[in-house]
Amino acid sequence: MKIVFLGPPGAGKGTQAAQIAAKLNVPHISTGDMLRASIAAKRSVGLNAKSYMDAGKLVPDEVIMGIVRERLQEEDAKKGFLFDGFPRNLYQAQQLSGFEKLDAVVDIDVPDASIIRRLSGRRCCPACGAVCHVDTLEGATDCPQCGEALITREDDNPEVVRQRLSVYHEQTRPLIDYYTGLGLLRTVSGDQDIAKVQEDILQELHSV
Ligand code: AP5
């Protein structure tokens with residue numbers, strides 16, 4: 001299957017994509033994770049993207065289209081993919097439509113009020129990529145999956161989160177209309193338990 005997850009920052013795209021991609025046996029492709037890995041490895045793509053990410057702005061389209069096209073050349077992407085965080089604006093969506101035929105686009109809908117609370121409590125594992133929340137960590141500071149010390153993402157401070165939300169409303173939200181027009185959009189409420197969100201997404205995908 002060829003799937004895109006849409007939704008505001010903190011909607012739970014990464015949380016759901018990791019589990020659902022494994023269930024569907026397709027690679028989970030997160031442009032945000034790819035950029036962060038590139039920054040950690042001090043590659044030029046990442047170093048050029050960092051100032052945009054730290055400011056909560058979109059990284060230039062040519063950079064994103066370059067890493068996406070390269071990633072899709074890899075063997076595992078031949079059987080399908082689940083994009084998380086891509087496409088992010090109309091240009092990227094139109095480019096993607098030019099070389100891939102999607103099966104479904106799932107919009108994970110979460111109101112802005114929940115986003116700030118979620119992102120201010122998010123903790124990430126730099127080793128295995130697990131995403132957690134302080135509400136469920138019961139005071140633990142190490143990754144429940146691999147034991148590495150958890151970190152807070154630099155762009156999760158409230159000021160940058162507000163900027164990311166504003167970019168989402170201006171540039172990403174219009175993709176809901178774009179994909180509705182193509183007959184691909186499925187909407188799921190992301191403002192429920194993680195397990196229930198997953199159940200609803202799988203139900204939508206079963207009917208594709
Ligand atoms: P990216 O990494 O894609 O960030 P994002 O889209 O802002 O999304 P997040 O990763 O913040 O949230 P998420 O929806 O994955 O939520 P999560 O599952 O972690 O992009 C970062 C930056 O990279 C961008 O700002 C931009 O600069 C650049 N970039 C990336 N792609 C780009 C592109 N295509 N074009 C241009 N620039 C690009 O969950 C969040 C928290 O909520 C966690 O703590 C989690 O435990 C918790 N949670 C999850 N689900 C639930 C639930 N149901 N109930 C309660 N809590 C929940």
Side-chain angles (χ1 to χ4, degrees), residues 4-21 28-39 45-46 48-69 71 82-93 95-96 106-125 129-137 143-145 150-173 175 188-201:
V4 164
F5 278 3
L6 278 185
K13 301 181 298 295
T15 301
Q16 297 297 336
Q19 297 177 20
I20 290 176
H28 166 201
I29 305 181
S30 158
T31 41
D33 286 349
M34 288 162 75
L35 292 167
R36 283 183 288 277
S38 189
I39 292 170
V45 165
N48 291 332
K50 190 174 185 316
S51 60
Y52 295 94
M53 296 171 76
D54 287 349
K57 296 181 177 163
L58 294 188
V59 172
D61 289 332
E62 61 272 20
V63 175
I64 298 297
M65 294 315 304
I67 62 173
V68 165
R69 282 177 182 278
R71 180 65 183 84
L82 198 172
F83 274 123
D84 153 17
F86 172 86
R88 210 63 164 230
N89 59 23
L90 202 50
Y91 175 81
Q92 293 178 11
Q95 289 288 304
L96 179 63
V106 178
D107 177 42
I108 304 179
D109 186 35
V110 175
D112 287 6
S114 305
I115 300 291
I116 305 263
R117 188 184 55 76
R118 282 192 188 184
L119 293 185
S120 58
R122 172 164 61 182
R123 299 293 178 269
C124 303
C125 177
V131 176
C132 316
H133 195 278
V134 288
D135 287 353
T136 54
L137 284 168
C143 176
Q145 285 182 27
L150 294 166
I151 58 162
T152 302
R153 259 171 58 173
E154 285 186 27
D155 59 352
D156 275 350
N157 76 67
E159 195 185 323
V160 179
V161 169
R162 273 191 290 277
Q163 171 64 23
R164 287 161 61 200
L165 265 176
S166 150
V167 168
Y168 165 76
H169 284 288
E170 276 168 30
Q171 301 195 47
T172 311
R173 207 160 192 289
L175 298 189
V188 164
S189 169
D191 208 12
Q192 336 175 59
D193 281 358
I194 290 175
K196 178 70 171 88
V197 179
Q198 183 178 145
E199 190 186 315
D200 288 358
I201 294 173

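Both backbone and side-chain heavy atoms feed into the values below; hydrogens, waters and symmetry mates do not. Atoms within a ligand are numbered from 1 in the order they appear, just like the ligands themselves. Worth saying up front: this structure is predicted, and the values here are computed from it rather than measured.
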Colleague: For ligand 1, note which part of Arg123 has a heavy atom under 4.0 Å away: side chain, backbone, both or neither.
Modeller: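 It is neither part, as no heavy atom is under 4.0 Å.
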Colleague: Hey, which atoms in ligand 1 end up nearer than 4.0 Å to a heavy atom of Gly10?
Modeller: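 Answer for ligand 1: 8 (O), 9 (P), 11 (O), 12 (O), 13 (P), 14 (O), 16 (O), 40 (C).
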Colleague: Can you pull out the closest protein heavy atom to atom 19 (O) of ligand 1? Residue, atom name and distance to 0.1 Å, please.
Modeller: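 Closest protein heavy atom to atom 19 (O) of ligand 1: Arg122 NH1, 2.6 Å.
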Colleague: Using distance alone, determine whether Val197 and ligand 1 share an N or O pair under 3.5 Å.
Modeller: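 No.
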Colleague: Output the list of atoms in ligand 1 that are nearer than 4.0 Å to some heavy atom of Gly14, sorted by atom number.
Modeller: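 Listed by number with element, the hits are 13 (P), 15 (O), 18 (O).
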Colleague: How far is atom 37 (N) of ligand 1 from the closest protein heavy atom, and which atom is that?
Modeller: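 Nearest protein contact, heavy atoms only, for atom 37 (N) of ligand 1 is Val59 N, 3.0 Å.
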Colleague: Return yes when atom CD of Gln145 has more than 12 non-hydrogen atoms of other residues, nucleotides or ligands closer than 6.0 Å, and no otherwise.
Modeller: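 It does not: Gln145 CD has 12 such atoms or fewer within range.
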Colleague: Polar contacts were defined as any N/O atom of the residue lying under 3.5 Å from an N/O atom of the ligand; does this apply to Gly12 and ligand 1?
Modeller: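 Yes, Gly12 has an N/O under 3.5 Å of an N/O on ligand 1.
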Colleague: With side chains defined as the heavy atoms from C-beta onward, is the minimum distance between Ser189 and Val197 less than 4.5 Å?
Modeller: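 A side-chain contact under 4.5 Å is absent here.
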Colleague: Look at Arg117 together with Asp135 and state whether they make a salt bridge at an N to O cut-off of under 4.0 Å.
Modeller: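 Salt bridge present between Arg117 and Asp135.
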Colleague: Would you mind checking which non-hydrogen protein atom is closest to atom 45 (C) of ligand 1, with the distance to 0.1 Å?
Modeller: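 Heavy-atom neighbour on the protein nearest atom 45 (C) of ligand 1: Thr15 OG1, 3.9 Å.
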Colleague: Using distance alone, determine whether Asp156 and ligand 1 share an N or O pair under 3.5 Å.
Modeller: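 For ligand 1, there is no N or O atom that lies under 3.5 Å from one belonging to Asp156.
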Colleague: Between Lys196, His133, Arg117, Arg36, which one has a non-hydrogen atom sitting closest to atom 2 (O) of ligand 1?
Modeller: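 Checking each option, the heavy atom nearest atom 2 (O) of ligand 1 is found in Arg36.
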Colleague: Tell me the protein heavy atom at minimum distance from atom 8 (O) of ligand 1, and give that distance in Å.
Modeller: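 Nearest neighbour among protein heavy atoms for atom 8 (O) of ligand 1, to 0.1 Å: Lys13 NZ, 3.2 Å.
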Colleague: Could you identify the single nearest non-hydrogen protein atom to atom 31 (N) of ligand 1 and state the distance to 0.1 Å?
Modeller: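 Ranking protein heavy atoms by distance from atom 31 (N) of ligand 1, first comes Thr31 OG1, 2.8 Å.
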Colleague: Scan the side chains in residues 52-59 for donor-acceptor partners under 3.5 Å anywhere in the protein, sequence neighbours excluded, and list what turns up.
Modeller:
from	atom 1	to	atom 2	distance (Å)
Asp54	OD2	Lys50	NZ	2.6

Colleague: Flag the pair Leu150 / Leu137 as yes when at least one side-chain heavy-atom distance between them is below 4.5 Å, and no otherwise.
Modeller: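 A side-chain contact under 4.5 Å exists here.
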Colleague: Do any N/O atoms on Gly121 end up under 3.5 angstrom from N/O atoms on ligand 1?
Modeller: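 No, Gly121 has no N/O under 3.5 Å of an N/O on ligand 1.
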Colleague: Is Val68 close to Ile29 at the side-chain level, that is, under 4.5 Å between some pair of heavy atoms?
Modeller: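 A side-chain contact under 4.5 Å is absent here.
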Colleague: Any N/O of Gly56 closer than 3.5 Å to an N/O of ligand 1?
Modeller: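 Among all N and O atoms of Gly56, none is under 3.5 Å from an N or O of ligand 1.
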Colleague: Starting from atom 42 (O) of ligand 1, locate the nearest protein heavy atom and write down its residue, its atom name and how far away it is, to 0.1 Å.
Modeller: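 Sorting protein heavy atoms by distance from atom 42 (O) of ligand 1 puts Arg118 CD, 3.4 Å first.
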Colleague: What do we get for Cys132 next to ligand 1 when only non-hydrogen atoms under 4.0 Å count, side chain, backbone, both or neither?
Modeller: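 It is the backbone that gets close, since no side chain atom is under 4.0 Å.
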Colleague: Answer side chain, backbone, both or neither: which part of Arg153 comes under 4.0 Å from ligand 1, heavy atoms only.
Modeller: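 It is the side chain that touches ligand 1; the backbone stays farther off.
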Colleague: Is the closest N or O pair between Gln192 and ligand 1 shorter than 3.5 Å?
Modeller: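 N/O-N/O distance below 3.5 Å exists for this pair.
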Colleague: Between Arg118 and Asp156 (salt bridge meaning N to carboxylate O under 4.0 Å), is one present in this structure?
Modeller: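 Asp156 and Arg118: not salt-bridged.
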Colleague: Counting each atom of ligand 1 from 1 as listed, which ones have a heavy atom of Ile194 under 4.0 Å away?
Modeller: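 Listed by number with element, the hits are 50 (N), 51 (C), 52 (C), 53 (N).
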Colleague: Could you tell me which atoms of ligand 1, counted from 1 in the order shown, lie closer than 4.0 angstrom to a heavy atom of Pro9?
Modeller: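 The atoms of ligand 1 under 4.0 Å from a heavy atom of Pro9 are 5 (P), 7 (O), 8 (O), 12 (O).
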Colleague: Do Met65 and Phe86 make a side-chain contact, defined as non-hydrogen atoms from C-beta onward lying under 4.5 Å apart?
Modeller: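 Met65 reaches Phe86 side chain to side chain.
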Colleague: Are Asp61 and Gln92 close enough that some pair of their side-chain heavy atoms sits under 4.5 Å apart?
Modeller: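 Touching, per the 4.5 Å side-chain cut-off.
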Colleague: Provide the number and element of each atom of ligand 1 under 4.0 Å from a heavy atom of Gly190.
Modeller: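 Those atoms are 53 (N).
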Colleague: Where on Ile64 is there a heavy atom closer than 4.0 Å to ligand 1, on the side chain, on the backbone, on both, or on neither?
Modeller: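 It is the side chain that gets close, since no backbone atom is under 4.0 Å.
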Colleague: Quick one: which ligand 1 atoms are inside 4.0 Å of a heavy atom on Leu35?
Modeller: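 Listed by number with element: 23 (O), 28 (C), 29 (N), 30 (C).
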Colleague: Below 4.0 Å, non-hydrogen atoms only: which portion of Pro8 touches ligand 1? Side chain, backbone, both or neither.
Modeller: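 Under 4.0 Å from ligand 1, Pro8 contributes backbone atoms alone.
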Colleague: Ligand 1 versus Thr136, non-hydrogen atoms closer than 4.0 Å: side chain, backbone, both, neither?
Modeller: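 No part of Thr136 is near ligand 1 at this cut-off.
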Colleague: Looking at His28, Lys13, Gln16, which one forms a side chain to side chain donor-acceptor pair (under 3.5 Å) with Asp84?
Modeller: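 It is His28; the other options fail the test.
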Colleague: Quick one: look up the protein heavy atom nearest atom 34 (N) of ligand 1 and list residue, atom name and how far away it is.
Modeller: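 Of the protein heavy atoms, Gly85 O, 2.9 Å lies nearest.
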Colleague: Run down the list Met34, Arg88, Arg164, Met53 and name the one with the heavy atom closest to atom 24 (C) of ligand 1.
Modeller: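 Going through Met34, Arg88, Arg164, Met53 one by one, Arg88 has the nearest heavy atom to atom 24 (C) of ligand 1.
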Colleague: Distance to 0.1 Å, residue and atom name: give those for the protein heavy atom nearest to atom 26 (C) of ligand 1.
Modeller: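 For this ligand atom, the closest protein heavy atom is Lys57 O, 3.5 Å.
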Colleague: Suppose I only count heavy atoms of Ala11 and a 4.0 Å limit; which atoms of ligand 1 are within that range?
Modeller: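 The list of qualifying atoms is 14 (O), 16 (O).
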Colleague: For Val110 and Ala11, which heavy atoms make the closest approach, and how far apart are they?
Modeller: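 Shortest heavy-atom contact: CG2-O, 3.7 Å.
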Colleague: Is there a nitrogen or oxygen of Gln92 sitting under 3.5 Å from a nitrogen or oxygen of ligand 1?
Modeller: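 Yes, at least one N or O pair falls under 3.5 Å.
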Colleague: Taking only heavy atoms of Val131 into account, list the atoms of ligand 1 that are under 4.0 Å away from them.
Modeller: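 Near Val131, the atoms of ligand 1 are 19 (O), 43 (C).
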